[in-house]
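This report concerns only the one structure given below.
None of these values were measured; they are calculated from a predicted model.
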Amino acid sequence: MEFSSDSVSIDMETISLGGKEYLVKTRLGTVSVVVFGDQDKPALVTYPDLALNHISCFQGLFFSPEASSLLLHNFCIYHISPPGHELGAASIVSDDFSPSVDDLADQIVEVLNFFGLGAVMCMGVTAGAYILTLFAMKYRQRVLGLILVSPLCRAPSWTEWLLNKVMSNFLYFYGMCGMAKELLLKRYFSKEVRGSVLVPESDIVQACRRLLDERQSINVCRFLDAMNERPDLSEGLRKLYCRSLIFVGENSPFHSEALHMTSKLDRRYSALVEVQACGSMVTEEQPHAMLIPIEYFLMGYGLYRPTLSISPRSPLSPSCISPELLSPESMGLKLKPIRTRISL
């Protein structure tokens, strides 16, 4: 497919620290893609969780020096935003076609075709992890591997469905009000960083709260409604033969979902990393916990960090990683379930 004549690019250096935004027209409308790095390198595509974009969902991971040396050394990063979730997005007209999760997965193919990309590495968080998993199941030849953070794969439980309906009503009638933001922050972060009467909110929660104020509530509603109607992918996961690395915070409301997904994937090609004292958004709350598992995961593809020395700022070291991860088998050939042990 050709989309270049219908697409424009906008320099976002002042906001995205060197990234360049492309507005790619697809059959579902325009989608924002912020690109970091050398486009001659292999592609790593990201997709954020509900109401987030690459700034609010991935900057904790990608803007750290350790991740830069690992990920930007090996990849060109393509941050795809859900429709209407990019910085400065206007409200999507309510009578426009409302996309399903299948439509959002199909939209990724149009983005890859616009950039002339073949098979890509994928990284998604919660709702974004679901979209990329569905994409990998529908277009297997286009996916090299999956790095999923607090992923979903089943249809929503009655509890989640009802909570999503409540959130959708708040967003629809009151906009991005205080209650909607509180429900979203509980979705993303552990209680420890959200604070309490005696303990103030952490900086990352305060920053996320400010960024949520910029979201157009009707755009968030559209993505939320699509996710609330999502089908169960469990039965198709056994046939998903790309390597998969799953992270989940132990305090994530979707912890059991990640465990269920791991149980359905072929264990020869998948590994689970449970991060202690962390909510759903490991990329922001404990990004350093992701670096060494990702590094060993990528070694299975012949990719590596220029220097394998471990940053003294990282809470992880070889001595506190499960020996199973460091075995030759787990260099991408036969990944095993693991569990990080982080001393806080």
Side-chain angles (χ1 to χ4, degrees), residues 1 3-4 7 9 12 16-22 24 31-48 53-54 57-59 61-81 105-125 128-129 131-149 151 240-247 269-271 273 283 287 290-308 330-335:
M1 302 178 203
F3 296 95
S4 36
S7 306
S9 67
M12 300 284 285
S16 300
L17 303 185
K20 186 172 187 179
E21 182 182 43
Y22 293 81
V24 181
V31 61
S32 166
V33 186
V34 178
V35 180
F36 288 84
D38 181 355
Q39 290 183 249
D40 289 331
K41 291 183 177 180
L44 170 62
V45 169
T46 76
Y47 210 100
N53 53 38
H54 75 284
C57 194
F58 294 106
Q59 68 174 351
L61 175 64
F62 282 93
F63 290 177
S64 69
E66 296 89 346
S68 180
S69 67
L70 172 62
L71 297 171
L72 284 173
H73 174 75
N74 288 297
F75 295 104
C76 181
I77 315 299
Y78 296 80
H79 292 297
I80 301 176
S81 290
D106 293 341
Q107 189 177 56
I108 295 172
V109 176
E110 296 187 62
V111 170
L112 299 192
N113 290 342
F114 167 72
F115 288 105
L117 301 174
V120 299
M121 188 70 71
C122 296
M123 178 186 292
V125 177
I131 298 298
L132 290 176
T133 302
L134 179 58
F135 168 68
M137 293 172 68
K138 295 182 73 172
Y139 303 96
R140 296 179 189 182
Q141 300 304 313
R142 306 299 291 269
V143 177
L144 292 171
L146 291 169
I147 301 171
L148 307 175
V149 181
L240 193 62
Y241 294 129
C242 67
R243 296 172 186 150
S244 304
L245 178 59
I246 295 177
F247 294 91
Y269 306 109
S270 61
V273 180
T283 50
M290 300 179 66
L291 292 175
I292 294 174
I294 289 176
E295 185 165 345
Y296 282 93
F297 180 71
L298 295 181
M299 282 183 179
Y301 296 87
L303 304 173
Y304 60 93
R305 187 156 36 148
T307 171
L308 291 177
S330 58
M331 300 297 184
L333 298 175
K334 191 181 282 188
L335 291 166

### Note, V120 side chain near L144 side chain (heavy atom, < 4.5 Å)
no

### Query
So do the side chains of F247 and P293 get within less than 4.5 Å of each other, counting heavy atoms only?
yes

### Summary
Sorted by chain and number, sequence neighbours left out, side chain to side chain donor-acceptor pair (under 3.5 Å) with S32 holds for E21

#### Entry: With M299, the side-chain contact (heavy atoms from CB on, under 4.5 Å) member among F297, Y301, Y296
Y296

### Task
Could you tell me which residues satisfy salt bridge (charged side-chain N to carboxylate O under 4.0 Å, His left out) with K138, sequence neighbours excluded, listed by chain and number?
D102, D106

### Query
Less than 4.5 Å apart, any side-chain heavy atom of F58 and any of V125?
yes

### Query
Who pairs with L72 by side chain to side chain contact (heavy atoms under 4.5 Å, CB included), at least two apart in sequence or on another chain?
F36, S68, I77

### Message
Evaluate F62 against L44 for side chain to side chain contact (heavy atoms under 4.5 Å, CB included), listing each step before the verdict.
### Response
CA-CA 12 Å; F62 282 93; L44 170 62; 3.9 Å; yes

### Query
Can you tell me how far the CG atom of L298 sits from the CG atom of L303, to the nearest 0.5 Å?
5.5 Å

### Task
Answer yes or no for R140 and F135: cation-pi contact, defined as NZ/CZ to six-membered ring centre under 6.0 Å and angle to ring axis within 45°.
no

### Summary
So SG of C57 and OH of Y47: to nearest 0.5 Å the spacing works out to 11.5 Å

### Query
Considering only heavy atoms from C-beta outward, does the side chain of L146 approach that of L245 to under 4.5 Å?
no

### side chain to side chain contact (heavy atoms under 4.5 Å, CB included) against D40, all qualifying residues, sequence neighbours excluded
D38

### Query
Atom CD1 in I147, atom CE in M290: separation rounded to 0.5 Å?
7.0 Å

### Message
Suppose we screen for side chain to side chain contact (heavy atoms under 4.5 Å, CB included). Which residues come up paired with Q59, at least two apart in sequence or across chains?
### Response
I55, F63, E284

### Query
Is V31 close to Q107 at the side-chain level, that is, under 4.5 Å between some pair of heavy atoms?
yes

## Note on the structure
Rounded to the nearest 0.5 angstrom, the CG-OG distance for L148 and S270 is 10.5 Å

#### Entry: Side-chain heavy-atom pair L112, V45 within 4.5 angstrom cut-off
yes

### Task
For T46, enumerate each residue passing the side chain to side chain donor-acceptor pair (under 3.5 Å) test, keeping only those at least two apart in sequence or located in another chain.
H79

### Query
Is I246 close to V273 at the side-chain level, that is, under 4.5 Å between some pair of heavy atoms?
no

### Message
With rounding to the nearest 0.5 angstrom, report the CD1 to CD1 distance, I80 to I131.
### Response
11.0 Å

### Query
Is a side-chain donor or acceptor of R142 paired with a backbone partner of I108 at a separation under 3.5 angstrom?
no

### Summary
All heavy atoms of C122 vs all of L132, minimum pair found to be CB-CD1, 3.9 Å

### Task
State which residues pass ring pair (Phe, Tyr, Trp, His ring centres under 6.0 Å) with F115; sequence neighbours excluded, sorted by chain then number.
Y22, Y78

### Query
Where the side chain of K41 meets the backbone of H73, is there a donor-acceptor pair that is under 3.5 Å apart?
yes

### Task
Quick one: do I294 and M123 satisfy side chain to side chain contact (heavy atoms under 4.5 Å, CB included)? Show the steps, please.
CA-CA 11 Å; I294 289 176; M123 178 186 292; 4.2 Å; yes

### Message
Run the side chain to side chain contact (heavy atoms under 4.5 Å, CB included) test against A67 and tell me which residues pass, sequence neighbours left out.
### Response
L61, S64, L71, L291

